[in-house]
Amino acid sequence: MSKGVTPQSKNFSAWYNDVVKKADLAEHGPVKGTMIIKPYGFALWDNIKEALDGMIKESGHTNAYFPLFIPKSFFAQEAKHVEGFAKECAVVTHTRLKSVDGDIIVDPESKLEEEVIVRPTSETVIWAMYKKWIQSYRDLPLLINQWANVVRWEMRTRLFLRTTEFLWQEGHTAHATAEEAEEETLKILEIYRRLAEEILAIPVLIGRKTEIEKFAGAEHTYSIEAMMRDKKALQSGTSHNLGQNFAKAFNVTFQNKDNQEEMVYATSWGVSTRIIGAVIMAHGDDKGLRLPPKVAPFQVVVIPIFRNDEQKKVIVKYLNPILDTLKNNLVRTKVDWREESPGFKFNDWEMKGAPIRMEIGPRDVENNQVVLVRRDTGEKNSINIDEISEIINKMLSDIHDNLFAEATEFLRANIIKTDSYDEFKKIINNGGFIRCGWDGTSETELKIKEETGATTRVIPFDENPKNLKCIYTGKPAKHEVIFAKAY
RNA sequence: CGGGGUGUAGCGCAGCCCGGUUAGCGCACCUGCUUUGGGAGCAGGGGGUCGGAGGUUCGAAUCCUCUCACCCCGACCA
């Protein structure tokens, strides 16, 4: 096993790092906390992005692009927002370097009058623009999304989960009424749920964030929360109802049908490259990644097996019509012609999580068959090439369903209801989500966090606080909440 | 920012305490032959001046001073 990865059971963190590296997804950049997303990892992101972008557009949003740089003064406008981000902003103070005695230094003469902030998120620039764009109710709703990079100078970073710079989409919408903004916020949350469950095969809990956990500057925040295989939570997408906070901060008003001036209502929402971390940790096993077929860079990886050039020629000839068939069926296929042994390639593609492996050797050519091996179950079958497209399509869909079912069962089995704080502490220690009553106060939340490391993940939509008592204070519960240790 | 640690070949490390010929090892890489249905073998080969600067010394990867970077643990976070 020396060539494999650290087993999950031994050290989940080490397993994660090993897999990211060995599956060739990403590596560290030269500046602390930065990440190089390698071609295989980026192909995965591209597929996720394409799926999400499609859903965002389908629901009436259009893409645009706003600048990376934001004037410092823009951050003065929304107090809570600043408070939330001030401690992690990269600030541009100079615009030039110069060479002094062979050393490169920042040219002091190039100091900027007003420093420029590298966006940690784009609410402020976007709302400064929206002010110009919105005058009438006819300008609303304004439904814009952008794919961008943002920078948050975090203390502790981990590839995909928390990097100094990350990629994401951020949606920013403006509405005429509070109801419409709320509807939008929930509509997006549903898109995120579908992305997680229907595309990535990751079951999620959905609900509202508490005051403490909500976005800086939001009225309230909704999120999708996934359970990783170490039973910790990963917030995988958030949708914020910003109320009129940003409209007030940037003085964005419109005239309604009754000729009255009103403040605009806003939402913002985002999914980042962090979701790749969710894919890794929700499905991966000790052999490596198990990628959901809908986003796997290669859905079928072909391993040709031959002993000499003549056999290779035979395989190529045999393979060509099969590849054509798969291509016509829009199956993403890769033939691994590398000069490595088949055994090496089997392991390598298991590490990389390719959903289906197709082995083709002399035996298969002779019998008009191919060997298919499922990554999720390890199941191995010989099939006749005449049935190849139906079988592969079915298998890809089965793999998705199976990954989802497995993760759903895992989630279900590890959400525990309790009313005992002792049991709460035990469960949090061993890993798992807790569903329990909470008195609704931030004090209680903070104390629990301090004592156990667990935070509230969401107030689930299907909560039922009646007859429940707060897990900590014993007072009547205001809400039923999910507590867990989170990434 | 507090505590701990590490910088020697592309990667992972040994050597350093007790200075001394051409600085080693594993993986990776290159060439050749044999292999190839679960991580191939043998033979040959290329590549580093030891994070940086200064100092001690006949001599420094090794001792001293300064400095830079990164990693791990904490407070903060999608």
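Here is the naming used below: chain letters follow the sequence lines, and residue numbers restart at 1 for every chain.
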Expected list for residues 186-193 of chain A: side-chain donor-acceptor pairs under 3.5 angstrom, two or more places apart:
{"unit_1": "A/E190", "atom_1": "OE1", "unit_2": "A/R193", "atom_2": "NE", "d": "3.0"}
{"unit_1": "A/E190", "atom_1": "OE2", "unit_2": "A/R193", "atom_2": "NH2", "d": "2.9"}
{"unit_1": "A/Y192", "atom_1": "OH", "unit_2": "A/Q169", "atom_2": "OE1", "d": "2.5"}
{"unit_1": "A/Y192", "atom_1": "OH", "unit_2": "A/G270", "atom_2": "N", "d": "3.1"}
{"unit_1": "A/R193", "atom_1": "NH1", "unit_2": "A/E197", "atom_2": "OE1", "d": "2.5"}

Rounded P spacing from B/G12 to B/G32 in Å
30 Å
Partners of A/T441 by side chain to side chain contact (heavy atoms under 4.5 Å, CB included), sequence neighbours excluded?
A/D439, A/E443, A/T444
Once Watson-Crick and G-U wobble pairs under 3.5 Å are found, how is RNA chain B written in dot-bracket notation, 5' to 3', with | for any base paired to another strand?
((((((((.[[[[.)....(...]]]].((((((.....)))))).....[[[[[..)....]]]]])))))))....
So what does A/G270 touch, heavy atoms closer than 4.0 Å: a base, only the sugar-phosphate, or nothing?
nothing
I want to verify a distance call: between B/A40, B/C71, B/G37, whose nearest atom is closest to the A/H28 side chain?
B/C71
Provide the distance between the two C1' atoms, one in B/C66 and one in B/U22, to the nearest whole Å.
33 Å
Quick one: label A/Q235 by what it contacts on the DNA or RNA (base, sugar-phosphate, nothing), any heavy atom closer than 4.0 Å.
sugar-phosphate
Polar side-chain contact A/E350-B/G38 base: donor and acceptor under 3.5 Å
yes
Under 3.5 Å, which protein N or O atoms sit close to an N or O of nucleotides 3-9 of chain B? Give each pair with its distance.
none

Would you mind classifying the nucleic acid contact of A/R357 as base, sugar-phosphate or nothing, using non-hydrogen atoms under 4.0 angstrom?
base
Within the structure provided, determine whether A/F12 and A/R229 are in side-chain contact (heavy-atom separation under 4.5 Å).
yes
When you measure from the side chain of A/F346, which nucleotide among B/U36, B/G39, B/G37 comes out closest?
B/G37
Separation of the C1' atoms in B/A69 and B/G52, to the nearest angstrom
10 Å
Summary of side chain to side chain donor-acceptor pair (under 3.5 Å) pairs that have at least one residue in residues 349-359 of chain A, sequence neighbours excluded
A/D336-A/W349, A/D348-A/K352, A/E350-A/R357, A/R357-A/E359
Ring center gap for A/F424 and A/F483 short of 6.0 angstrom
yes
Residue pair A/T34 / A/E165, side-chain donor-acceptor N/O under 3.5 Å
no
Is the shortest side-chain N to carboxylate O distance from A/K209 to A/E225 below 4.0 Å?
yes
Sort and list the pairs that fulfil ring pair (Phe, Tyr, Trp, His ring centres under 6.0 Å) and have at least one residue in residues 209-237 of chain A, not counting sequence neighbours.
A/H81-A/F215, A/F85-A/F215, A/F215-A/H240, A/H220-A/Y222, A/Y222-A/F461
What's the gap between B/U35 and B/C73 when it is taken at their C1' atoms, as a whole Å value?
48 Å
What nucleic acid atoms does A/T164 come within less than 4.0 Å of, heavy atoms only: base, sugar-phosphate, or nothing?
nothing
Side-chain contact test, heavy atoms from C-beta onward, threshold under 4.5 Å: evaluate it for A/R274 versus A/L234 and give yes or no.
yes
Between B/U62 and B/G3 - C1' atom distance, rounded Å
28 Å
Over all strands shown, is A/L234 touching base, sugar-phosphate only, or nothing at heavy-atom distances under 4.0 angstrom?
nothing
Rounded C1' spacing from B/C76 to B/C68 in Å
26 Å
Classify the nucleic acid contact of A/S272 as base, sugar-phosphate or nothing, counting any heavy atom under 4.0 Å across all strands shown.
base
Should we count CH2 of A/W147 as having more than 12 external heavy atoms under 6.0 Å?
yes
From the options B/G38, B/G37, B/C71, select the nucleotide whose nearest atom is closest to the side chain of A/V371.
B/G37
A/V373 has its side chain closest, among B/A78, B/G38, B/G37, to B/G38
Describe the nucleic acid contact of A/V271 in one word from base, sugar-phosphate, nothing, applying a heavy-atom distance below 4.0 Å.
nothing
Ignoring backbone atoms, test whether A/R363 places a side-chain nitrogen or oxygen under 4.0 Å from the OP1 or OP2 oxygen of B/G37.
no
Does A/F215 reach a base, just sugar-phosphate, or nothing at all? Heavy atoms under 4.0 Å.
nothing
Heavy atoms only, 4.0 Å cut-off, all strands: where does A/F166 land among base, sugar-phosphate and nothing?
base
Spacing of the P atoms in B/U56 and B/A61 (rounded, Å):
16 Å
When you check the side-chain N and O atoms of A/D309 and A/Q311, is any donor under 3.5 Å from an acceptor?
no
Looking only at the side chain of A/R152 (C-beta and beyond, no hydrogens), which of the listed nucleotides B/G37, B/A78, B/A40 gets closest?
B/A78
